[in-house]
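As structure tokens, the structure follows; a few thoughts come after it.
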2 protein chains.
Amino acid sequence: MTTAAVAESKPYHHGDLRRALLDAAEAVLVREGPSALSLRAVAREAGVSPAAPYHHFKDKSELLRAVAMEGFARLKLAMSSALARETAPEERRSALGVAYVEFAQANPALYRVMYDCARNADQMPDEHGEDVSAFQLVKDTLTEVAGGQVSELDLELTAIASWCAAHGLAEISKFEKFKPLKDALGGERAFLQGVLAHLGVMAQRKDG
Amino acid sequence: MTTAAVAESKPYHHGDLRRALLDAAEAVLVREGPSALSLRAVAREAGVSPAAPYHHFKDKSELLRAVAMEGFARLKLAMSSALARETAPEERRSALGVAYVEFAQANPALYRVMYDCARNADQMPDEHGEDVSAFQLVKDTLTEVAGGQVSELDLELTAIASWCAAHGLAEISKFEKFKPLKDALGGERAFLQGVLAHLGVMAQRKDG
DNA sequence: GTGCTATCTAAGCACCGTCCAGATCGGAGC
DNA sequence: GCTCCGATCTGGACGGTGCTTAGATAGCAC
């Protein structure tokens, strides 16, 4: 009965504010875009004072880093879900790439925060859990496609190339320049598949 | 004799402030990075009041856009210079990609402004001059590699894939994750060549 | 010389990230 | 039960930001 009609569980100090702040950040991100994602806006969204977040995050960049980590986790989830929907190696590889780009397109603001964070740290905020990383997912799928007979070095290079292309496509695919080509191909997904099909030549190299 | 020891040509209002602001922006960018690139910092660097830039640019984003356009022009220059240094098609293709990424690595702050701007506008700030665009440079080079017998559609898709991979690599290549691989390959450039070699399969497709 | 107009400055607005002193309150110890 | 502690949250402040407005300055056509 502190303030008003909030009948929910808001009994004491504030419950789990860290969690609430992350949700608030995502809400602001989706509603107003990355440029509006200020610490004060997040605090406002969560209904606390502008200084409150500092008891849960060292500074703004650490909040963003936490948001980015959750984003990468969700990206990995989307990728493995897409993999699970296909059986043939080549289809799995294609689905993996398409899922990556479509995740970025479905969550553009989040994707931007994710890579802003990665660029600032010179690493993906991805490396935290003990389970398999999203990058490993790519390597495994490419190994399937190649039938297993690939050098670790060639595999690594192909995986990097694929990841780079997917990331590049995620950032560029919305450019107006490509609209006519998309129309010619019959839609966004066909466009993505078409571009991504020109990658991962590893299997065709005879010295692999 | 307005203020002090500036013996140079600073006679009247301010000369060509627009030019001076762009140079100041680049200076701040190189010295302190993208996060320090505020309109006020640029004005400070140029020695004018914080409101002065508004007589030459509508707002901050337009200044950044101008900086980005100059960056894309220089990128194109670096790419065509690299092309001119090679003769064999395959070498030219490789040199083009390497030049792209090395430009980004040599001018990381500028490259970031360039693509921040591009992302915000959903297009490259590249499309202004009447001469050939950087993207066209890629298409031409890929056509050489394929021996000229490619469908326009396949060419376009391969060019996009190549551009995406180069952009992705430009953003990702600095990640710590890849350091061991670079060492194994014997250096940064070998790494770039290795990754980029797994692209542009167009010529190997029989339905081209 | 007299205006006109572009350019530049000074001052101010709202917002930002961040720090600090103090209020609040759940829970440990008695 | 009560006290006290320490974590959590608030209000207020500081310097910095993008941007606007009103007024000063100075090149240029007449």
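Values reported hereafter were calculated over all heavy atoms of this structure, with side chains retained and with hydrogens, waters and symmetry mates removed.
Between the CG atom of A:Leu63 and the P atom of C:dG17 there is a distance of 10 Å, given to the nearest Å. Between B:Glu62 atom CD and D:dC19 atom P there is a gap of 11 Å when expressed in whole angstrom units. The distance between atom CG of A:Leu39 and atom C1' of C:dG17, rounded to the nearest whole Å, is 7 Å. Atom CG in B:Asp59 sits about 13 Å away from atom C1' in D:dT20, given to the nearest Å. If you measure from atom NZ of A:Lys58 to atom P of C:dG17, you get 15 Å, rounded to the nearest angstrom. In this structure, A:Lys60 places its NZ atom 14 Å from P of D:dT17, rounding to the nearest Å. Distance, B:Leu21 CG to C:dT7 P: 12 Å, rounded to whole Å. In this structure, the CZ atom of A:Phe57 is 14 Å from the P atom of C:dG17, given to the nearest Å.
Phosphate proximity of D:dC9 to A:His56: present, with a side-chain N or O under 4.0 Å from OP1 or OP2. Contact annotation: B:Ser38 side-chain N/O to D:dT17 OP1/OP2 distance is under 4.0 Å.
Salt bridge annotation for A:Glu176-A:Lys179: absent, with no cationic side-chain nitrogen under 4.0 angstrom from a carboxylate oxygen. Salt-bridge formation is not detected for the pair B:Lys174/B:Glu188: no Lys NZ or Arg NE/NH1/NH2 atom is positioned less than 4.0 Å from an Asp or Glu carboxylate oxygen. Note on A:Glu62 versus A:Arg65: no salt bridge recorded, every NZ/NE/NH1/NH2 to OD/OE distance being 4.0 Å or above. Using a 4.0 Å cut-off between charged nitrogen and carboxylate oxygen, A:Arg19 and A:Glu70 count as a salt-bridge pair. The pair A:Arg189-A:Glu102 counts as a salt bridge, with a side-chain nitrogen and a carboxylate oxygen less than 4.0 angstrom apart.
The side chain of B:Val48 has C:dT9 as its nearest neighbour among C:dC19, C:dT9, D:dT20. Of the candidate nucleotides C:dC8, D:dC9, D:dT10, D:dC9 has the atom nearest to the side chain of A:Leu17.
Across all strands, B:Arg44 comes closer than 4.0 Å only to sugar-phosphate atoms, never to a base (heavy-atom distances).
Each of A:Ala36 and A:His55 was assigned the nucleotide of DNA chain C with the nearest heavy atom; the assignment lying further toward the 5' end belongs to A:Ala36. Toward the 5′ end of DNA chain C lies the nearest nucleotide of B:Ala52, the other residue of the pair A:Leu37 and B:Ala52 mapping further downstream.
The base of D:dG18 lies close enough to the side chain of B:Arg40 for a donor and an acceptor atom to sit less than 3.5 Å apart.
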